[in-house]
Amino acid sequence: MFAFLLRRIVQAALVMLVVASIAFLMFRFLGDPISNLLPEDATVEERADLREKIGLNDPFVVQYGRFITNAAQGDFGQSYRNNRPVSDLLAERFPATAELVLVAASLALALGIPLGIYTALNPRGWISQGLQVVSLLGISVPTFVTGILLILLFSVTLGWLPSFGRGEVVDLGGWTTGFLTLSGLKALILPSIMLALFQMTLIMRLVRAEMLEVLRADYIKFARARGMPNRMLHFKYALKNTLIPVMTIFGLQLGGLIAFAIITETVFQWPGMGFLFIQAVNFSDVPVMAAYLVLVSFLFVVINTIVDLLYHVVDPRLRVEKSTARGV
Amino acid sequence: MSTFMPMLYSAWDSDIAYSFRKSRVAVISTLLLLAMFLAAIFAPHLAPQNPFDIAELSLFDSELPPAWAEGGNPAYLLGTDTQARDVLSSIMYGMRISLVVGFASVILAAVLGVTLGLLGGFLGGIVDAVLMRIADVLLSFPPILVALLINGVLRGALPQSAQADSALIVLILSIGLTNWVQYARTVRGSTMVERRKEYIEAARTLGTGSVAIMVRHILPNVLGPVLVIATINLGMAVLTEATLSFLGVGMPPTQPSLGTLIQIGNEFLFSGIWWVVVFPAVALAVLVLAVNLLGDWLRDALNPKLR
Amino acid sequence: MTLLELDNIVVEFPTRRGPLEAVKGLSLELNEGQILGLVGESGAGKSITGAAITGLIEPPGLIRSGQVRLRGQRIDNLAPEKMRRIRGKEIGAIFQDPLTSLNPVYTVGEQLIDTMRVHLGLDHKAARKRAIDWLAEVGIPAPEARLDQYPHQFSGGMRQRVVIALALCAEPKLIIADEPTTALDVSVQAQILALLKRLCRENGTAVILVTHDMGVIAETADRVAVMYAGRLVEIGDVAQVIQDPLHPYTKGLMNSIPQIGNRDARLTQIEGAMPGLRNPAPGCAFAPRCPQAIDTCRTLRPIPVDAGSGQVACHLFGEAQ
């Protein structure tokens, strides 16, 4: 177990190094940092000074080393557009995205798993057929269209819920939360539904497919031949086998949620990291792009590593891999 | 039973045409797609108006609701936008751009993926290892994020003035370069299996070169799965294009795709002209849905075990 | 005493080109404690016959006509919940592949305990104790420690022993064993068969042993039923059928077993292949491959008649009388 943990951490560190290198290459070769940081009428001397000051004259390797060292400490330099440290910008925006993703993920899991099980167990019922159609709609209708339709219905027509922003937030020592005010909670509803809907349909389809597969497995047939009641077959013998792979995919999906938050945040002008990132892409604000890439990759890597570890805890076949002979 | 069910399956499997006729979903989606493809291809001849020709626009007719609503004008079936452009015509022209980006990026991804997969699977060793590591890294990120990044990098590398003109190419590249991995993995897998088979050995002994073996013997064997991936990918590509355009980093308003139209419409959401955003959105959803349904059917038809 | 009766069973699979009959009217009887070998080539319908008895034919397949009776009671038309109570408790089953028959994410103990609690109404503690006894019974060393291990920690042969324990733990009166040793090493096969035979003898459990291996039948079974293309061609006591097979197909099968101690004996193969289930010819299904076929064989289907220690369905046999 320990060796596995170590291997996994080394792997994660390697991925981060690759990502940081890509970020560095973007930073170094995309656009000219000097003309981006100085006003247009800056003199030649001012430009040369700044080049020297931010170290663009140093050898390539030194620059690379410095970038990696700074990045590891969360320092990504100045945003070209806002002229503020990128790390400040991201830190400000992080809680908004984190809360949105958290609510959406919980919603997606809480609905997706039971619905997936239901459709797998009653594949021919009309509710299942209906859910299959809805889920196909869910993965075919672009999320931003869903968001717009939600706004059109609940904000424009009915006027029940806000269509942009986070509402009132409470600052808890650097972490702004919308969970504590009524307007904050109301503002969360539409964006989190929009973000969750797609993931929910994905989880539902995945659970359904896995469960149908498992129900065809020999060990389920043998359990049925032993006269085990359906309740036990479905919710004990089949469910655990179903959820193990689903858990892995969900880990990846969590990353997907962070990425899709970019779209949700744009539709609802949600002041999160994704909104910041899309503005950065729009204006080629390279330091912000690079920092977002590194931060999001870091989150992915952490989540994936945790999921992998959990997988080893839950699946007995992997848990005792080392302690017994591999052969049969 | 052990031998009986596979027999049933292979009897069922042998007849794709039959399963197509039997599947109402497949027939309907194909008809829908055909109609949309034709409408897009022949947009300049079929559309009631050329929304890009200022001479055809009359500001008196701006913000008209759909023909059946109160104040609607039968000349503009789905209404007009703030600049008096006919929504139906805009959709037809927009679909054209969406489909061009979709098809081009799928072709780019397929060609790239198949080539790399063949190379990796056939050559093995370091080439294969490097390719697969790149694939792993790409796959661990959501495609939309990868596409956004490639998009950002490409646009950053271009001078500001050239950005609008090259938007189409930038989109095709960002989507195509994002989606090749699945092809490469599938093709690599089959290539490694095929490579070991006797007929490849035979071809080699006869002095057939590596490239010839790959193209003539291995490629035909992997085309089935590639077709399935390509169909499913087309839906994804159209969706990604629409998303990028919606986010403002895709097609500019001067050459709107369906995504751009929705983005433009979104800005007028609160002014009550819902038709400007709803109809392009419906068109996009129907297009993607039809492609996905067809892809699902094709996958099941080619591999009944996946059902 | 008669335990199980199959009365003219027809099993059908609907396909888009019309129904396929996998079993075409099969009748046989099995006494309590008896071991019956059911042999035939792949596709002869022997596994489906087994599934018909346990009520586990995969939909859309179904028993089109005929009856399955257990101790005189019809069981082929029971409600699903009633049939479930019979499965495991009255009729157990053992499948071909011990590697996939056990649930990978639960310990073997948990699977044994669940099964016994469902059928025997034991509490957890008592069930656990009996589970240990069963593991010991099927010859698993250190049963107490092994109880809490997962299937992947057992070897193939050991897993099949666990499968046997699972099938027998609710003390059924009949076991359907479908190729129980095919997936195992040859060295382990004999041990598993001997174990199965011993346990069934001790508990008075009857067995239907589905196999294509005449050698396995010879070693294990009391009676043997030979199936060909969905029908029974011969049934009788093992000794008689092996020594003196009546049906030409059975003779062909016997000639294909290697005989120990007779090096000069040649293995012969039956020429040709079993006909497909679709579009059956009017006569005897074996006629096209039969070396002794006469004209009647190609036009008229033979009906099983009493002969030897059982029955045989062959015109030639009638002629000879």
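By convention in this document, chain letters (A, B, ...) are assigned in the order of the sequence lines, proteins followed by strands, and residues within each chain are numbered from 1. Everything quoted here is computed from the prediction, not taken from an experiment.
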- prompt: Applying the side-chain contact (heavy atoms from CB on, under 4.5 Å) test to Arg226(A), which of Lys89(C), Arg87(C), Gln111(C) qualifies?
  reply: Gln111(C)
Segment of [X] engaging chain A (4.5 angstrom heavy-atom cut-off):
X         : answer
Glu110(C) : both
Thr54(C)  : neither
Ala93(C)  : both
Val105(C) : both

- request: Would you name the heavy atoms of Val118(C) and Gly227(A) that are closest together and state the gap between them?
  value: CG1-O, 3.8 Å
- request: Please report the closest heavy-atom contact between Arg84(C) and Asn230(A), naming both atoms and the distance.
  value: CD-N, 4.5 Å
task: Check the surroundings of atom CD in Glu202(C): do more than 12 heavy atoms from other residues, nucleotides or ligands lie under 6.0 Å from it?
output: yes
Residues, nucleotides or ligands: over 12 heavy atoms within 6.0 Å of Glu144(C) CD: no
message: Between Asp114(C) and Lys236(A), does any side-chain N to carboxylate O distance fall below 4.0 Å?
response: yes
- prompt: Between Lys221(A) and Phe95(C), is NZ or CZ placed under 6.0 angstrom from the six-membered ring centre and within 45° of the ring axis?
  reply: no
Nearest-0.5 Å distance that lies between atom CG in Leu166(C) and atom CZ in Phe222(A): 5.0 Å
query: Where the side chain of Asn103(C) meets the backbone of Tyr237(A), is there a donor-acceptor pair that is under 3.5 Å apart?
result: yes
message: I need the residue from Arg85(C), Met158(C), His119(C) with the largest number of non-hydrogen atom pairs under 4.5 Å to chain A.
response: His119(C)
